[in-house]
Amino acid sequence: MRLRDRIGAAIQAFCGSQDLRTRLTASEYEKSLAEQMLELRERECEELHTELRKKDDRLRFLYARADALSSALTLKEFSPRLSTTEEMKRFYNAVSRSLDPDGFTLHHVAERLADVDTVSLFPYEDACGMFEAATGRELLKYLTAHCFGAVEWEVVPGTTYEKAALNEVDRSTQEYRQFESKLYKSVLERMGFDGLLAPEHAGQTAAQAPEQNEITMTAM
């Protein structure tokens with residue numbers, strides 16, 4: 001092959017390789033864009049699934065609340081407006097069968113009102129795993145016993161821990177009655193039943209609870 005022909009062939013091969021590189025670069029760029037779009041669509045799908053789950057949870061809650069309200073009102077023991085602590089407690093006990101069967105909502109609201117973490121107050125019991133399977137109502141017993149001075153402490157031999165013995169809380173004191181009234185009112189508001197509360201009890205949630213000095217709790 002003559003030199004001229006060799007040079008021409010080399011030029012053609014070079015141009016062909018440049019064109020191939022250009023097409024390859026364009027393909028890689030298109031692939032990158034497609035991957036980004038796929039990632040965006042996947043993220044949008046996840047957000048839609050999350051939103052759908054939230055709406056499903058909300059719908060199930062509304063159905064449960066409607067069933068609970070229907071069951072409670074058929075008992076014919078509630079006034080048109082819940083005006084006393086006992087009425088609020090009876091109503092909560094009726095609707096909690098559907099909405100708060102283990103009492104965790106009741107306990108959570110009590111923690112917010114008292115501004116305490118129940119488990120951290122009883123390190124020995126926590127270390128023994130006593131709270132792992134505890135219901136909200138069981139935890140509430142520990143919380144109220146601590147807040148109203150109904151706990152006796154005993155050093156565990158060979159450790160630095162103190163274990164708690166719970167006594168009965170004096171429920172006749174003004175401090176406890178105030179706490180209990182605020183607790184059940186706040187729980188019913190959180191469950192969406194604030195419209196059933198008497199005007200003097202409506203309009204305040206647990207997050208808007210009075211300052212702690214309005215509820216004097218011993219042992220806090």
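FYI, the numbering just counts along the sequence from 1. In this text, all values refer to a predicted model and were calculated from it rather than measured experimentally.
Checking side-chain atoms of Glu51 against main-chain N and O of Glu47 turns up no donor-acceptor pair under 3.5 Å. Without hydrogens or angle criteria, Glu125 side chain to Lys163 main chain gives no donor-acceptor distance under 3.5 Å.
Between Thr144 and Leu140, the closest side-chain pair of non-hydrogen atoms falls below 4.5 Å. At least one side-chain heavy atom of Leu183 sits under 4.5 Å from a side-chain heavy atom of Leu106. A heavy-atom distance below 4.5 Å is found between the side chains of Leu188 and Leu82. By the 4.5 Å heavy-atom criterion applied to side chains, Leu40 and Arg43 are counted as neighbours. Looking at heavy atoms from C-beta onward, His146 lies in side-chain contact with Phe122 at the 4.5 angstrom threshold. Two residues are said to be in side-chain contact when any heavy atoms from C-beta on lie closer than 4.5 Å; Asp100 and Tyr92 meet this criterion. In this structure, the side chains of Glu154 and Glu162 stay at 4.5 Å or more apart for every pair of heavy atoms.
By the criterion of side-chain heavy atoms lying less than 4.5 angstrom apart, applied directly or through intervening Ile, Leu, Val, Met, Phe, Trp or Tyr residues, Leu166 is grouped together with Leu121 in one hydrophobic cluster. In terms of hydrophobic clustering, with Ile, Leu, Val, Met, Phe, Trp and Tyr side chains grouped at heavy-atom distances under 4.5 Å, Tyr142 and Val156 are assigned to different clusters. Tyr124 and Leu143 end up in different hydrophobic clusters when Ile, Leu, Val, Met, Phe, Trp and Tyr side chains are linked at under 4.5 Å. Hydrophobic clustering places Met130 together with Val151 (ILVMFWY residues linked when any side-chain heavy atoms are closer than 4.5 Å, directly or through intermediates).
A pairwise comparison of heavy atoms in Gly136 and Phe104 identifies N-CE2, 3.4 Å as the closest pair. Taking both residues in full, the closest heavy atoms of Ala114 and Cys147 are given as CB-SG, 3.9 Å, listed atom of the first, atom of the second, then distance. Taking every heavy atom of both residues into account, Glu168 and Ala150 meet most closely at O-CB, 3.8 Å. Among all heavy-atom pairs drawn from Pro123 and Ser120, the shortest one is CD-O, 3.8 Å.
Aromatic ring centres of Phe148 and Phe179: separated by under 6.0 Å.
Taking the charged nitrogens against the carboxylate oxygens, Glu138 and Lys141 have no contact shorter than 4.0 Å, which rules out a salt bridge. Salt bridge status for Glu86 with Arg90: absent, with no side-chain N to carboxylate O gap under 4.0 Å.
The NZ atom of Lys185 sits 7.5 Å away from atom CE of Met88, with the distance rounded to the nearest 0.5 Å. In this structure, NZ on Lys182 lies 13.0 Å from CZ on Arg177, to the nearest 0.5 angstrom. Atom-to-atom distance recorded for Ser186:OG and Leu197:CG is 9.5 Å, nearest 0.5 angstrom. Rounding to the nearest 0.5 Å gives a distance of 4.5 Å between CG of Asn167 and CD of Glu152.
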*Check the pair Arg137, Ser96 against side chain to side chain contact (heavy atoms under 4.5 Å, CB included), reporting the backbone distance first and the verdict last.*
CA-CA 12 Å; Arg137 290 179 176 82; Ser96 65; 3.3 Å; yes
_Assess the residue pair Tyr184 and Phe91 against the criterion (ring pair (Phe, Tyr, Trp, His ring centres under 6.0 Å)); give the C-alpha distance rounded to whole Å, side-chain angles, the decisive distance to 0.1 Å, and a yes or no._
CA-CA 9 Å; Tyr184 283 96; Phe91 186 85; over 10 Å; no
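For Ser172, the side-chain contact (heavy atoms from CB on, under 4.5 Å) partners two or more places apart in sequence, or in a different chain, are Asp170.
Surrounding CD of Glu44 are more than 12 heavy atoms belonging to other residues, nucleotides or ligands, all under 6.0 Å away.
For the 3.5 Å distance criterion, the side chains of Thr50 and Glu46 fail to qualify, holding no donor opposite an acceptor.
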